[in-house]
Amino acid sequence: MSVPESVDRVLLTAAVVVIVIAGAGLLTRIWRGPSMLDRAISLDVCAALIIAGLGAKSAFAREPFYFPIMLVLAFLGFTGSVGIARFIATRDRPALRRGADATESSDGREGGAR
């Protein structure tokens, strides 16, 4: 094995180790996430870690077979994140209250006192 090949192997092994450590941290964030938004972001990062793992496997095997799979996973991760963000945004929106509140003044005009 030549020196560039051994350097490639060491760097790819280090990349896989970093991906595994990030995956362990990700699982703890999904498990202990204080809010639903934290868990949603963690699932988006999970998709990115899967893509990174496939990229490392593809580089290690020197095969471009996984590139279309990585592209589809990136698209699904993006659309899933947008969908979850829209769901959380509409779910967490405060309900509008009717009646006497800060939007109406005593003389019937909207916008409060001027």
Where is the tightest heavy-atom contact between Pro64 and Ser58, given as atom of each residue plus distance?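 Between these two residues, the closest heavy atoms are CA-OG, 4.1 Å.
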Looking at Ala40 and Ile84, what are the two nearest heavy atoms and their distance?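 For Ala40 versus Ile84, the nearest heavy atoms are CB-CG2, 3.2 Å.
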Grouping I, L, V, M, F, W and Y whenever their side-chain heavy atoms are under 4.5 Å apart, do Leu54 and Val16 come out in a common cluster?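 Shared cluster, no.
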Cluster question for you: counting only ILVMFWY and a side-chain heavy-atom cut-off of under 4.5 Å, with indirect links fine, are Ile51 and Val45 together?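 No: no chain of side-chain contacts under 4.5 Å links Ile51 to Val45.
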Please round to the nearest 0.5 Å and tell me the distance separating atom CD1 of Ile19 and atom CG of Leu26.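 Taking CD1 in Ile19 and CG in Leu26, the distance rounds to 12.5 Å.
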If hydrophobic residues (ILVMFWY) are linked whenever their side-chain heavy atoms come closer than 4.5 Å, directly or via other members, who joins Val17 in its cluster?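 Members besides Val17, by chain and number: Ile21.
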ILVMFWY cluster membership beyond Phe60 - transitive side-chain contacts under 4.5 angstrom: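 Leu12, which link up through side-chain heavy atoms under 4.5 Å apart, make up the rest of the cluster.
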For residues 66-77, please give each side-chain donor-acceptor pair under 3.5 Å, one per line with the distance, not counting sequence neighbours.
none

Residues which pass side chain to side chain donor-acceptor pair (under 3.5 Å) with Arg86, listed by chain and number, not counting sequence neighbours: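 Partners of Arg86 under the side chain to side chain donor-acceptor pair (under 3.5 Å) test: none.
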Mind jotting down which residue pairs meet the salt bridge (Lys or Arg N to Asp or Glu O under 4.0 Å) criterion with at least one end in residues 35-47? Sequence neighbours excluded, please.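 Counting only pairs at least two positions apart or across chains, no salt bridge (Lys or Arg N to Asp or Glu O under 4.0 Å) contact touches residues 35-47.
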Pairs meeting criterion side chain to side chain donor-acceptor pair (under 3.5 Å) with involvement of residues 6-32, two or more places apart: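 For residues 6-32: Asp8-Arg62.
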